Amino acid sequence: MGGFCIALEWSIQVVRYQTLTRIAGMPPVDAVGEADLFEPSEELEVESSAGVIESETQPASQAFSLWLLWCVIAAGGLASGVLVYVFAPQAAGAGTDAAVDGFHHQKGVIQGRVAIIKTMASAMILGTGGSAGREGPVAQIGASVGSTVARWFDLSARDRRILLAAGMGAGVGAMFRAPLAGALFAAEILYSDADMEADVIVPSAVASIIAYSVYIQTLPESVRFQPIFGGDLSHQLISPSELLPYALLGLAMLMASAAYVRIFHLTQSTFERLPILPHIKPAIGAAVAGTIGIASVAWVGGLEINLTAPLSQTDSAAVQMLGVLGTGYGTLQQALIGSGDATVGILIGVGLIKMATSSLSIGSGGAGGVFGPALVIGGCLGAAFGKVAAAIAPGWVPQPEAYAVVGMAGFFAGVSRTPISTIIMIRELTGDFALIVPTMLVSSLTFLIARRFTLYRSQVPTRMESPAHRGDFFIDVLEGLKVADVYPRDRKLMLIPESATLDEIVHGLASSNQHYFPVVNQTGEMVGIFTDDDVRAYLFDPTLWRLANAGDVMTSQFTSVRPDESLNVAMQKFTSQNVDELPVIDPASPGTLLGFLRRKETIQAYNKQLVNHRNDD
């Protein structure tokens, strides 16, 4: 999986250098822990102090063009859409949701070609400035690799699911240099309530460590062991009174996360209903996102949209607003370090506009993830909240930039339903371990209150609702119930004497609604059973009515249950014998019939027990 992470990172950087850098002239805006593998440079002739003309390599300065940037973004969406819908439609959109669906509903099966197509298509979106993240692609790529390996070795459905989740955790842990968070993310992302897939934690941890170790070998030594959002971030919780504004931040992140989920799903549904070829939908989404992003950059920077406009790192406002396109990590980095260039207006603008651009880029079918945009949205809005709160109550908010770190965690925990792995993920991404308490507070608030919405539609509430565990919980619930708890003791049964003639049996059946009839001997012991269907074979030959008796109609080889047996055992007997009723026999007095247990009563007991379990939860 480490190799696929390397391939994805290099593919993104190659596409970015060939399109955004060389064509559009868009300056790279990265986090401090990211490495630009293709920094543009050019040979210039300069005059030395001695008057000698020498050749010197300096960073290349390509003129920035808003028009060409829009063309690059739209072309990237088109290339991604064609790749996905021609070769692997399963690779469309946010990959994490597809991986979760593969775990629950596809028996752990994700085609191997998805990994290759997802890598190429994601490079087209991310490398050309699409507003998306790497989490979704690497999660689905890892899931595809894990599922493919499981099928190579002809593993069971359960083991396929475990390897699928392990691959997902390995991809996330390696790409974000957060192996512990990756392992927990794979176990937690599958469910929307407070539940985890415990069986995948250890395999995911092993896979994540190996993938991480392989991936970082290709990074420059300067950033190899540095968090992506490093920069010597160090914050403290000075006073417990600070928890009050952090709680208010949690409420703000709750409203923002609810808005983002609604915008994302509305955009996704709109594109699904569009009566056009799906291949071009990502191009339309990318073009609209590019238009919104470029318009905001031009408005903030005072640039002409239709002309080639110079843009350098000194145009701080316009450069920061570029965070609405691409990953946006550079703008988030400025928010995390409390840079004065990231004003409240810019931060709020990036956060709100990023909701729209990422929803368009991914919801239209573009191959990208929602984790990266969620970090940027939460971090920027959190930083803006901190700046405003510090201006109102500076004594309560001594470190406003800390709200960017906590906002990242709170926002994503709300939209993804993954509070535990998110808390750890933010710590590994920033290297800032002093904000555990406020991060736990905000993440818990958004997780608990935002129960009704999630970005990932394929999540199920708990393992009990997952098709992957349906059989496990069916057996567990039935094991807790006995036959004596279910079968009706007051049911009036028609007992057929062993000597009863067929004529007597036929006339007796006419006044009864029973389907199964026990046959008893002179001492009252049950010696056989027959059904009304068994009698029908004799109805058309009246001469047999006085000759045949119950002993001729019944079967003496019948299956019964005891009152102390579990309903799981009873259900197995129902299934193996393909019957709807089983006689309940007294174990202390063999042959003594106590009643009948019906299949429908067993299922009703299971459903009732299941409801009780849910209410207890």
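Note that the numbering runs from 1 along the sequence shown for the chain. Reckoned from all heavy atoms, side chains included, excluding hydrogens, waters and symmetry mates. Computed from a prediction, not measured in an experiment: that's the story for all the values here.
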**Arg134 side chain vs Met175 backbone, donor-acceptor pair below 3.5 Å** = no
**Request:** Please check if atom NZ in Lys107 has more than 12 non-hydrogen atoms from other residues, nucleotides or ligands closer than 6.0 Å.
**Result:** no
**Prompt:** Within a reach of under 6.0 Å around CZ of Arg158, are more than 12 heavy atoms found that belong to other residues, nucleotides or ligands?
**Reply:** no
**Request:** Could you name each residue pair satisfying ring-ring contact (aromatic ring centres under 6.0 Å, His included) that touches residues 148-180, not counting sequence neighbours?
**Result:** Phe176-Phe371
**Asked** Hey, does the side chain of Ser144 reach the backbone of Gln140 with a donor-acceptor pair shorter than 3.5 angstrom?
**Response** no
**Request:** For a side-chain hydrogen bond (donor to acceptor under 3.5 Å, both in side chains) with Asp101, tell me which candidate from Gln106, Gln459, Gln90 qualifies.
**Result:** Gln106
**Request:** Enumerate the residue pairs fulfilling ring-ring contact (aromatic ring centres under 6.0 Å, His included) with a member in residues 89-122, sequence neighbours excluded, ordered by first and then second residue.
**Result:** His104-Tyr191
**Request:** Give a yes or no on whether the backbone of Ser458 and the side-chain of Asp97 come within a donor-acceptor separation of less than 3.5 Å.
**Result:** yes
Acceptor/donor pairs from residues 252-261 side chains to any protein atom, 3.5 angstrom cut, sequence neighbours excluded:
residue	atom	partner	partner atom	Å
Ser257	OG	Met253	O	2.9
Ser257	OG	Leu254	O	2.8
Tyr260	OH	Ser358	OG	3.2

**Donor-acceptor under 3.5 Å (Glu428 side chain, Met425 main chain)** = no
**Asked** Is there a donor-acceptor pair closer than 3.5 Å between any side-chain N or O of Ser131 and the backbone N or O of Ser361?
**Response** no
**Prompt:** Where the side chain of Glu135 meets the backbone of Val370, is there a donor-acceptor pair that is under 3.5 Å apart?
**Reply:** yes
**Prompt:** Parallel, tilted or perpendicular: which fits the ring planes of His279 and Tyr85, with parallel below 30° and perpendicular above 60°?
**Reply:** tilted
**Prompt:** With no hydrogens and no angle check, is any side-chain donor or acceptor of Lys482 less than 3.5 Å from a backbone partner on Pro563?
**Reply:** no
**Prompt:** Okay, side chain of Asp193, backbone of Thr462: is any donor-acceptor separation there less than 3.5 Å?
**Reply:** no
**Request:** Answer yes or no: does atom CZ of Arg457 have more than 12 heavy-atom neighbours from other residues, nucleotides or ligands under 6.0 Å?
**Result:** yes
**Request:** Count the heavy atoms of every other residue, nucleotide or ligand shown that sit under 6.0 Å from CE of Met196, and state whether that count exceeds 12.
**Result:** yes
**Prompt:** Hey, mind stepping through Arg427 and Val405 against side chain to side chain contact (heavy atoms under 4.5 Å, CB included) and telling me if it holds?
**Reply:** CA-CA 9 Å; Arg427 303 281 73 78; Val405 179; 3.1 Å; yes
**Prompt:** With Glu601, which of Gln604, Arg598, Arg599 fulfils side-chain hydrogen bond (donor to acceptor under 3.5 Å, both in side chains)?
**Reply:** Arg598
**Asked** Within the side chain of Lys281, is there an N or O that forms a donor-acceptor pair under 3.5 Å with the backbone of Leu274?
**Response** yes
